[in-house]
Amino acid sequence: MDYQDIIKDWKQQKFKSLYWLEGEEDFFIDQVTAYAEHELLPESEQGFNLTVLYGKDTDWTTVINACRRYPMFAERQVVLLKEAQAMRDLLKLEAYIDNPLSSTIFVVAHKQGKIDGRSKMAKLIKEKGVLLSTKKLYDNQLPTWVESYVSSRGLAISQKAAILLVDHIGNDLSRIANEIDKLLVNLPSQKKIDESDIEKYVGISKEYNVFELQNALGQKNTAKVFRIIAYFAANPKAAPIQMTLPALYNFFAKVNLIFSVKGGEKEIAAALGVHPFFVKDYLNAARQYGPDGTEKAILLLHQYNLRSIGINDSGVEDGELMKELMYKMMS
């Protein structure tokens with residue numbers, strides 16, 4: 001069961017006595033806990049029947065006592081335990097989980113890891129309640145997730161706009177969702193978000209960004225590469241060199257993998273861990289540079305990354321460093 005299934009069940013008035021939320025991806029846990037805190041009970045009942053506790057500030061007896069309390073003037077109460085991973089003697093909740101009160105919806109948010117799946121507690125959670133175990137999405141899954149998230153909000157987003165957003169923000173679902181939600185406020189009547197919307201409302205240039213630099217470099221499009229580099233030099237906050245060089249290094253490291261992969265685009269996408277939409281860019285770069293040129297690019301990127309932080313460098317401006325590097329990589 002994923003986080004959307006839990007919320008869907010709640011909207012249909014389908015409840016279990018226990019919801020244990022754990023794992024690496026805070027966004028999914030936060031979505032469920034936010035709904036539990038603000039939507040499960042009518043506002044008029046929250047004062048009496050909603051209890052929010054924090055692991056670092058509470059103990060197991062307080063939690064169990066809250067869960068065993070009967071609701072006031074209502075069918076059910078909600079007990080929400082946030083930051084459960086910080087609570088001492090967490091395993092002592094086992095006694096309540098083994099015999100929960102049917103009128104209590106107990107939601108536990110256990111971030112930054114999971115309890116031991118072999119423990120009695122884990123077995124009881126699966127037997128008596130609902131377990132949501134989350135993990136970080138792979139980078140190649142992010143554009144599809146963005147498209148799905150936007151769709152759940154009643155709009156659509158172009159594939160390139162989704163990739164542009166992900167490329168700028170990285171693997172941070174909370175930040176991505178926040179930017180999307182801001183977009184939706186500004187675009188109430190539109191049916192589809194495109195690159196122009198990303199540029200206007202998120203502040204990412206659709207023409208001058210690391211993603212476009214990567215593509216131009218892969219194509220050895222000299223004019224476009226130096227046009228983007230000039231923009232970066234004039235707008236240092238748009239793409240700091242300390243962020244740009246690792247991104248390019250990661251790109252060429254993936255290009256280098258292509259030379260050892262057997263199969264078509266599907267197999268290459270799986271081996272590189274990228275969205276299939278990207279594969280043609282990596283294949284094109286592999287053709288342009290070949291094994292030797294790709295290895296040379298990786299070595300140069302490593303060398304210039306050191307120079308960008310002051311190692312073996314006499315204080316050359318970032319813009320000049322990038323120009324010098326681009327020239328050497330494409331020659």
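Along the sequence shown, the residues carry numbers beginning at 1.
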With a 6.0 Å cut-off on ring centres, are F278 and F211 close enough? yes
In plain terms, say whether D9 and K16 are close enough for a salt bridge, that is, a side-chain N and a carboxylate O under 4.0 Å apart. no
Assess the side chains of T62 and D59: does a donor N or O sit below 3.5 Å from an acceptor N or O? yes
If only atom types and distance count, is the side chain of S151 paired as donor or acceptor with the main-chain N or O of E147 below 3.5 Å? no
Looking at D2, is its backbone amide N or carbonyl O close enough to the side chain of D5 to form a donor-acceptor pair, meaning the two atoms are under 3.5 Å apart? yes
Min side-chain heavy-atom separation V107-V79 under 4.5 Å: no
Ionic contact status for K111 with D30, cut-off 4.0 Å: yes
Got a sec, which residues hit salt bridge (Lys or Arg N to Asp or Glu O under 4.0 Å) with R69, two or more places apart in sequence or on another chain? none
Below 3.5 Å, can you tabulate the donor-acceptor pairs from side chains in residues 235-248 to any protein atom, sequence neighbours excluded?
| from | atom 1 | to | atom 2 | distance (Å) |
| --- | --- | --- | --- | --- |
| N235 | ND2 | Y231 | O | 3.0 |
| Q242 | NE2 | S308 | O | 3.4 |
| T244 | OG1 | A239 | O | 3.2 |
| T244 | OG1 | P240 | O | 3.1 |

Checking ring pair (Phe, Tyr, Trp, His ring centres under 6.0 Å) for the pair Y19/W10: CA distance, chi angles, key distance, verdict? CA-CA 11 Å; Y19 294 86; W10 286 349; 5.0 Å; yes
Taken in chain and number order and not counting sequence neighbours, the residues that satisfy ring pair (Phe, Tyr, Trp, His ring centres under 6.0 Å) with Y249 are none
Over 12 non-hydrogen atoms of neighbours within 6.0 angstrom of NZ in K220: yes
Between atom CD of E127 and atom CG of L18, what is the distance when rounded to the nearest 0.5 Å? 11.5 Å
For residues 93-105, the side-chain hydrogen bond (donor to acceptor under 3.5 Å, both in side chains) pairs (sequence neighbours left out) are Q77-T104
Counting N and O atoms only, with roles assigned by atom type, does the side chain of N250 sit under 3.5 Å from a partner on the main chain of A253, one being a donor and the other an acceptor? no
Let me have the donor-acceptor pairs involving side chains of residues 284-294, under 3.5 Å, with sequence neighbours excluded, atom names and distances please.
| from | atom 1 | to | atom 2 | distance (Å) |
| --- | --- | --- | --- | --- |
| Y289 | OH | L217 | O | 2.6 |
| T294 | OG1 | G290 | O | 2.7 |

Test item: side-chain donor near acceptor, S133 and K114, under 3.5 Å: yes
Measure the spacing between CD1 of I115 and CD1 of I125 and express it to the nearest 0.5 Å. 3.5 Å
Do K206 and S196 get their side chains close enough for a donor-acceptor pair, meaning under 3.5 Å? yes
Using ring pair (Phe, Tyr, Trp, His ring centres under 6.0 Å) as the criterion, list what pairs up with Y304, not counting sequence neighbours. none
Using a strict cut-off of less than 4.0 Å between a Lys/Arg side-chain nitrogen and an Asp/Glu carboxylate oxygen, indicate whether K200 and E195 qualify as a salt bridge. no
Ignoring hydrogens and geometry, is there a side-chain-to-backbone donor-acceptor pair from T58 to G55 under 3.5 Å? no
Checking Y35 against Y3 for the ring pair (Phe, Tyr, Trp, His ring centres under 6.0 Å) test, could you report, in this order, the C-alpha distance in whole Å, the side-chain angles of both residues, the deciding distance, and whether it holds? CA-CA 10 Å; Y35 194 95; Y3 82 100; over 10 Å; no
